[in-house]
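The chains referred to below are lettered A, B, ... by the order of the sequence lines, with proteins before strands, and numbering in each begins at 1. Side-chain atoms are counted along with the backbone in the values below, which use heavy atoms only and exclude waters and symmetry mates. Quick caveat, the model's predicted, so the values are computed rather than measured.
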Amino acid sequence: MATTGNKSINAKLVLLGDVGAGKSSLVLRFVRGQFVEFQESTIGAAFFSQTLAVNDATVKFEIWDTAGQERYHSLAPMYYRGAAAAIIVYDITNQASFERAKKWVQELHSQGNPNMVTALAGNKADLLDARKVTSEEAQTYAQENGLFFLETSAKTASNVNDIFYEIAKRLPRVQPAPNPSGMVLMERPAERTVSASCCS
Amino acid sequence: MLTGGGISAVCMSRLLQFIKAVERQGQDHDRQENHDPAEASHDLSPRGIDQLIVSRHDTSSESDVTRPGNLDGTEGKKRRKDRNGHSTEGTFHLENELHDLSDDADYAASQLHGSVYMTPSDSIKTSASAEPEGAELVYLKDNVTIHLTQFASERISGRLKLIKQGPSLFMNWIPYKGQNSDARLSEKGILLIIENIPSLVLPYIFLLCMAFVADKNLYTIRDASFSDVRSIRRHTPTLGWQYIIIVMSSGLAFPPLYFYSGGVKEFIATVKQHIFLMRSAEDANVFLVNDFESRLQRTLSSLELPRAVSVANLQLESTSVPLGELPSNENQDISHANAADASSSACLYNGRARQKVHDPARDLSIHVLEKFSLVTRFARETTSQLFRESLNNGFVSANERRAHSLSPVDFSDEPVYEAEKVPKESEVFPDPIELEKMTLVWGQPRQAPLCLKEWATYLDSEGRVMDSKAMRKRIFYGGADHLLRKEAWPFLLGYHAYDSTCAEREYLKCIKKTEYETIKVQWQSVSAEQAKRFTKFRERKGLIDKDVVRTDRSFPFYEGDDNVNINCLRDILLTYSFYNFDLGYCQGMSDLLSPILFVMGDEAESFWCFVALMERLGPNFNRDQNGMHSQLFALSKLVELLDGPLHDYFKQNDCLNYFFCFRWLLIQFKREFEYESVMHLWEVLWTHHPSEHLHLYVCVAILKRYRNKIMGEQMDFDTLLKFINGLSGKIELDSILRDAEALCICAGEHGAASIPPGTPPSLPLDDGLLNTQLEDDIL
Ligand SMILES: Nc1nc2c(ncn2[C@@H]2O[C@H](COP(=O)(O)OP(=O)(O)OP(=O)(O)O)[C@@H](O)[C@H]2O)c(=O)[nH]1
Ligand SMILES: [Mg+2]
């Protein structure tokens, strides 16, 4: 959930996707401007933060980079729960990774925060010769599922900042409406945080 | 007799006085039914110490009276007073009620974070509505025992009962009377320790002694309702006693209950008769008491989670906690945790509450994470608690000053670690065990690596290792010269037997080479056509292909295009995934194999060494995360034991899951050190000296090294994970190893007792498959 205060927004963002799709590479490109040819696999999870200025606000992304292997799937909910945004990454040279991305989309739709801003990233767009997933196919899928889609390359930096920037623009600016009944327990603490920082 | 180390006569007599007093008090206590805790003064004369302990006994003073009818669990409430003698009526769940699982401070803490768990007061209401008259005894088993340590003298036997009350089922386990001394270290035991210990550390010995007098009654299980039970894990080793671990839905677990007279099967069958029980799909030895339906819930349950989600959903509809209540709860929690430091810790806590505590992003995740922190009352009630109490009463500091003045050692030339340069943002609780001092006493200086020439002195004429213990100890203190590694690692890993001769090993090498080739051919002979219809194989191969090309590519051995060693990594991993098809390939394995191949060179030899390593570390990669789970759990227990304030800090900041140490444990610090240091660390760990679980003490040592920074900068879970990941390459190994050794010795049996049986890298305890088949008739 994005929380606002003094025109700055903190937003938890989670990266999901198949092994080797390039999740870590995308974050490292975004956060450090680097690309490592042989980026190590992610064990457990990694956490990064990066701030972006969008027209009306600064958005501080708190980014969780997860491990792609199915075996660690069971840990994923703890990262995407409560996330304001997600980037689901696949590798355009690997059809299976696109199928896996679809599974993530489904899971987020059924389990994640319904207001989550979700982007689909077709990564490794520099490897055009090896392309297996056409951008039309992905674009159609994204439209059908209300995702925002870009093809990216962590290697050439193409569209990397853009995808984060687009997400930042789409994050809801308004505070979640107060919930007098206190019914939605998952959200109540957020309101407390907000009121603590703004009103006291 | 007490010449070593120059212990002063005063200290000695004080210690003896203390031991005697404790023994005496224990006997008194058996006779006394009621003892007013308000009387307990907090001066730390020996008398003061045992009063302190008695005041802890008090709440359970009736636990050896078995009354199946008494199921309301409220009687503790009337008498209970906090440590300053103030009545805390009406704050049940914040007090340390020893009878009820709701006593656990974690449980109370969970109240502050989204109220996902059932509140203890709810559970009291539930059980209070039951009529005592309708109780029926449905199961009784004698000689059910908990093991405080691996030593036979520290076991507590008792009687286990299942009681049916209306639709509910309850469990009681009451220790037998009159075996108090069993749970204590004998006087002789203590003296043995003292003989070897310089006066410098005597204050710490007092603390350790106190830990040993944990009363058996602390472990009593009374009227635990199965409606609060999440799962029962059954362990039925072919050798040794059967035991069960009962995990509550709050995520807490009772200590393992060993059935000396058998009856685990009968126990589970009885439970099944009365409540809904389902065998877990993931692990045939786990019986779920509350099954989940949705996909996410299944996922969570595979993690052996507390039923965070289902309860959360329930509470969404049924409960609304008035916001105003939370702050007061927080304060009460503090006063409960630590009366003496209430004001300062309240500040600390409130400061945090403002920043991060109620981030919704964290709410569920915390509970998901909590599965990694099954916190029992096991250690809570013992050492660390006492550590802290004495600390708060100035015991340590007073004695420390003494220690300083007595000590001939000058600490000034100790390195100043980054960790100590901490902005004074907030109060940091002092370390009860100051490492540098401990390390000087117990962590021996590191030696030069064992070289080939010296190695030869450990072998007899036919190449047998004569004294494997001495050899392992030598490697523990110095590691092995790189040239020796190829020779020594197969022994350390358990691939070669110490008593094998050179000739036997050569022979084995031939046999094993053929055997390796045979397995390798299995996947090599899979044709392209066949692979099309062999998804699992394709997936595995794909995963391995992706991983080997990004394993240690900056290390010269694996550098460059078309590196043959990369292919070799791939072949070994693929072969392993056929050798152990059930486990398959999992990310992290390539990290474990990489140094082995680098050292061994030969493909088949590397394979078998890797197999030996995976015998111990395989559970790290289990689908149900079993091995990781038990290690993270043990780690939390050890930190609690060895650094109470840090443990409290983690607890207050929702970090008790220790998930930030996941990478350390999964791949044995492979990503935390330079390549050479990793090899050094691994061979040290593989000596299993002084503990099979030294790696856990390495974790504690690193955390303690940075404790002031972590607490001073008020790191929350995210920041902590980032910080810990960022420590990679910055940790100085030798000093950490010394610290780890010191901590391991310092924690002693209590450290060992904090580590559940079967925790990796221990060899697996039981053959689950066999037992599943044998006992399949239960469900
Ligand atoms: N050509 C090309 N290669 C890329 C790109 N992004 C990542 N890679 C490579 O793909 C491999 C995997 O990238 P990672 O970023 O580690 O993938 P990941 O999704 O984080 O993988 P896991 O952590 O295992 O889940 C690495 O070798 C990267 O160098 C890209 O945009 N173009
Ligand atoms: Mg990654």
Side-chain angles (χ1 to χ4, degrees), chain A residues 1 3 10-12 14 18-20 36-49 62 64 67-84 94 96 106-107 110-113 176 181-197 200, chain B residues 113-116 294-296 299-300 302-303 312 315-317 319-323 326 353-366 368-369 539 542-543 546-547 549-554 584 586-588 590-591 621 623-625 659-660 662-663 666-667 671 718-719 721-722 725:
Chain A
M1 189 68 41
T3 53
N10 277 357
K12 174 176 163 181
V14 62
D18 202 4
V19 171
V36 183
E37 192 67 37
F38 302 113
Q39 177 61 40
E40 291 176 316
S41 65
T42 305
I43 302 284
F47 178 76
F48 302 86
S49 53
E62 294 170 342
W64 286 93
Q69 186 171 7
E70 181 69 38
R71 186 81 47 112
Y72 299 121
H73 184 170
S74 52
L75 300 175
M78 79 183 165
Y79 300 115
Y80 66 66
R81 271 279 153 176
N94 182 328
Q106 280 166 16
E107 180 162 342
S110 61
Q111 311 289 352
N113 157 20
S181 71
M183 261 179 55
V184 185
L185 264 165
M186 301 309 290
E187 292 189 356
R188 182 172 51 75
E191 293 146 30
R192 287 171 48 78
T193 310
V194 170
S195 59
S197 57
S200 58
Chain B
H113 305 296
S115 304
V116 172
S294 82
R295 170 109 190 273
L296 172 65
T299 317
L300 297 176
S302 74
L303 273 165
Q315 295 223 342
L316 286 182
E317 287 139 27
T319 325
S320 76
V321 181
L323 299 186
L326 284 163
R354 220 165 273 270
Q355 300 163 18
K356 202 67 190 185
V357 167
H358 288 299
D359 180 353
R362 304 159 57 79
D363 270 321
L364 190 78
S365 61
I366 292 323
V368 173
L369 288 166
E539 282 174 1
L543 194 52
K546 277 181 200 161
D547 271 4
V549 294
R550 47 189 183 142
T551 302
D552 295 320
R553 292 306 293 280
S554 54
C586 195
Q587 284 194 297
S590 67
D591 282 277
F621 302 99
R623 215 163 278 279
D624 67 356
Q625 304 278 309
F659 194 71
F660 46 88
F662 188 88
R663 189 172 78 188
L666 187 84
I667 49 174
R671 304 259 182 106
D718 301 357
T719 318
L721 184 96
K722 192 172 163 185
N725 281 351

Which pair of non-hydrogen atoms, one from A:R71 and one from B:R623, has the smallest distance, and what is that distance? NH2-NH2, 3.4 Å
Closest approach of B:N725 to A:F47 (non-hydrogen atoms, all atoms of both residues): ND2-N, 4.4 Å
Heavy atoms of A:Y80 and A:E107 approach each other most closely as OH-OE2, 2.6 Å
Using non-hydrogen atoms and a 4.5 Å limit, figure out which bit of B:R553 sits close to chain A: side chain, backbone, both or neither. side chain
For the interface with chain A, which of B:K722, B:E539, B:R671 has the highest count of heavy-atom pairs at distances below 4.5 Å? B:R671
What's the shortest heavy-atom distance between B:Q587 and B:L666, and which atoms? O-CD2, 3.9 Å
A:E40, part contacting chain B, at a heavy-atom distance under 4.5 Å: both
When the 4.5 angstrom heavy-atom criterion is applied to B:F621 and chain A, the contacting part is both
Worked verdict on B:D591 versus B:R663 for side-chain contact (heavy atoms from CB on, under 4.5 Å): CA-CA 11 Å; B:D591 282 277; B:R663 189 172 78 188; over 6 Å; no
As an exercise: rank A:A96, A:A67, A:A45 by heavy-atom pairs under 4.5 Å with chain B and give me the winner. A:A45
Nearest heavy-atom approach of A:W64 to B:D718 is CZ2-OD1, 2.9 Å
Determine the option with the most heavy-atom pairs under 4.5 angstrom with chain A, choosing from B:S590, B:C586, B:G588. B:C586
Where does A:S110 contact chain B at under 4.5 Å (heavy atoms): side chain, backbone, both or neither? neither
